[in-house]
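Below you'll find the structure, written out as structure tokens, and then a few comments.
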Amino acid sequence: MTSPSVGRLPGSLRPPGAYDPVVPAYQSSSTIVPPSASTMATDSWALAVDEQEAAAESLSNLHLKEEKTKPDANGAVVKANTIAEKTDEEDKEDKAAQSLLNKLIRSNLVDNTNQVEVLQRDPNSPLYSVKSFEELRLKPQLLQGVYTMGFNRPSKIQENALPLMLAEPPQNLIAQSQSGTGKTAAFVLAMLSQVETANRYPQCLCLSPTYELALQTGKVIEQMGRYYPDLKLAYAVRGNKVERGQKISEQIVIGTPGTVLDWCSKLRFIDPKKIKVFVLDEADVMIATQGHQDQSIRIQRMLPRNCQMLLFSATFEESVWKFAQKVVPEPNIIKLKREEETLDTIKQYYVVCNNKEEKFQALSNLYGAITIAQAMIFCHTRKTANWLAAELSKEGHQVALLSGEMMVEQRAAVIERFREGKEKVLVTTNVCARGIDVEQVSIVINFDLPVDKDGNPDNETYLHRIGRTGRFGKRGLAVNMVDSKHSMNILNRIQEHFNKKIERLDTDDLDEIEKIAN
Ligand SMILES: Nc1ncnc2c1ncn2[C@@H]1O[C@H](COP(=O)(O)OP(=O)(O)OP(=O)(O)O)[C@@H](O)[C@H]1O
């Protein structure tokens, strides 16, 4: 057996702020800021929370477009529009942050019972799918790497994607399936199956939308490639300096489009003609960032015709599809539909209150009457979330708070602690909790109903917060707090949208509350 070598990156090509491989990423990212130091929102999620909060304030005061001063990330006072439209740029960065958060908190494959759709470029060639990694005849050191990662059999998407990707000659592929279904592992396996470690030049090139996401993929390459002697990985990300005139000897390069483009063209650190596998990961996040699309296409144009092109995306709207077709010629296409969330197994209630104090009282009554193993509570603004978390703590609850001022890595750590049961209540704002799943939660409380930035019901968020994939048949409980005519109207519209009755609950009546738990 050979000793692991990829964990040791050569000094100049370590990512900026590179870490010792044994330290978990969320403790080591160079962007991490201790909670006490991070009083100002510096990431896009935090900004989004600020905006949501600002929008809520201005909606309730009807002071639309009011100008207000607030300090910027450096403490300087700048003018800001309180209901500033979320810029496209921030929206996009949100996607990258959400994707990173998902990766950091995920420990397992996401189950999916849907059928995989495969569109082969050559419809006459037989359709292969594999049920085991042995069938793929991988190099022994790669198979060993796969097993060491604890993978016993290919995931649903891997069953179909791997035979295509490892075919002779290797095929091009566009693949779409939700986050967590095994796409990264699949393309890492494809890269590693083609890499020749004796050749000291880049042979595989992987584009990621951000530096942090590139690091996550790099970790998978390190783990799966641990039994390759002399395999080296370089990070083409901003801030990673290579001396001019040098060539890169690492066999795999992973990076963001701008830097990769520089390395391939202007700086000539990489000879693109020698690339055998080109991967474009997170295409949906990628195209959301200005410039990435063009840069990716320019990189792709420099690659040889016989280079294998692979593109992956969690979603597949028209814009992603158009981009995919530009980057991947003659593709095979694989799609796996998302498992549908349903409200069928959820009991939904609403409670009528006058203000946040009454809502808190209603919550306390709920806690007094029924046993709540773990609860998630959603608030519209950071201010309410902070207040509520403090009130709950005063009552002796162990509370976790996901707040907009936290960096993604800190959020991941909070979610992890909650998952482990160290805290029993998670209080969060809409923006912070977007896209997260905590399966063991027995009750979801909408302390504020989910609304979009125009104040309309956000049905999708409602479904995602309380919906469960029906097949587990898990029963859940959702309680919505209504505190005005406006929020009653929102509730009614949500009810109509899903065509599911939301029952009124009187939280002053303990007997009535007890009944809902049965
Ligand atoms: N065949 C497998 N068997 C068991 N676990 C797997 C398998 N393939 C991947 N995993 C694990 O499942 C999780 C999700 O896999 P992966 O990161 O490859 O998914 P993904 O679709 O790329 O997600 P994302 O789009 O968020 O990157 C990871 O923890 C990974 O180690």
Side-chain angles (χ1 to χ4, degrees), residues 21 24-26 94-112 114 116 129-136 138 142-163 165-166 173-193 206-226 254 256 279-288 310-317 320 324 334-339 408-409 411-412 415-416 419 434-437 439:
Y26 63 80
D94 275 355
K95 278 193 165 185
Q98 192 178 330
S99 176
L100 179 63
L101 183 60
N102 266 321
K103 278 184 204 277
L104 293 177
I105 63 177
R106 182 173 315 111
S107 46
N108 280 316
L109 270 174
V110 169
D111 272 329
N112 192 309
N114 286 330
V116 177
S129 86
V130 286
K131 295 284 175 208
S132 73
F133 287 110
E134 285 82 6
E135 287 172 66
L136 294 165
L138 304 172
L142 182 50
L143 192 60
Q144 200 178 356
V146 167
Y147 285 146
T148 308
M149 290 183 82
F151 299 177
N152 298 322
R153 44 162 297 161
S155 71
K156 195 121 193 173
I157 187 112
Q158 290 164 0
E159 284 179 5
N160 294 281
L162 290 173
M165 289 199 278
L166 304 180
L173 176 70
I174 296 175
Q176 179 244 329
S177 69
Q178 109 194 55
S179 157
T181 45
K183 299 185 295 298
T184 308
F187 71 71
V188 168
L189 206 148
M191 290 199 287
L192 289 174
S193 71
C206 175
L207 298 186
S208 265
T210 65
Y211 155 66
E212 288 82 3
L213 290 168
L215 278 190
Q216 293 304 313
T217 304
K219 281 167 73 181
V220 180
I221 300 173
E222 289 182 9
Q223 285 166 3
M224 207 182 271
R226 67 206 289 172
I254 167 158
T256 46
V279 178
L280 200 146
D281 192 20
E282 311 234 18
D284 50 349
V285 183
M286 193 73 98
I287 63 164
L310 307 169
L311 179 140
F312 296 84
S313 186
T315 58
F316 230 180
E317 52 268 33
V320 179
I334 295 186
K335 286 188 195 176
L336 177 60
K337 275 215 205 90
R338 226 190 143 86
E339 199 87 46
V408 174
E409 291 84 352
R411 270 171 237 191
I415 295 167
E416 209 43 57
R419 273 195 169 159
R434 205 187 286 160
I436 62 167
D437 286 308
E439 287 209 344

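Order of appearance sets the numbers: ligands from 1, and atoms from 1 within every ligand.
- Side-chain atoms of Glu135 and Ser132 form a donor-acceptor pair, as typed in the model, at a separation below 3.5 Å.
- Shown here are the salt bridge (charged side-chain N to carboxylate O under 4.0 Å, His left out) partners of Glu134, two or more places apart in sequence or in another chain: there are none.
- Using modelled atom types, one side-chain atom of Lys183 and one backbone atom of Gln178 make a donor-acceptor pair closer than 3.5 Å.
- Within 4.0 Å of ligand 1, contacts by protein heavy atoms are made from Lys103, Arg106, Ser107, Asn108, Leu109, Phe133, Phe151, Arg153, Pro154, Ser155, Gln158, Gln178, Ser179, Gly180, Thr181, Gly182, Lys183, Thr184, Ala185.
- Asn114 contributes a side-chain N or O that, together with a main-chain N or O of Arg338, makes up a donor-acceptor pair within less than 3.5 Å.
- Taking the salt bridge (charged side-chain N to carboxylate O under 4.0 Å, His left out) definition, one finds that Lys335 meets it with nothing, sequence neighbours left out.
- Every residue two or more places apart in sequence or in another chain that forms a side chain to side chain donor-acceptor pair (under 3.5 Å) with Glu282 is listed here: Ser99, Lys103.
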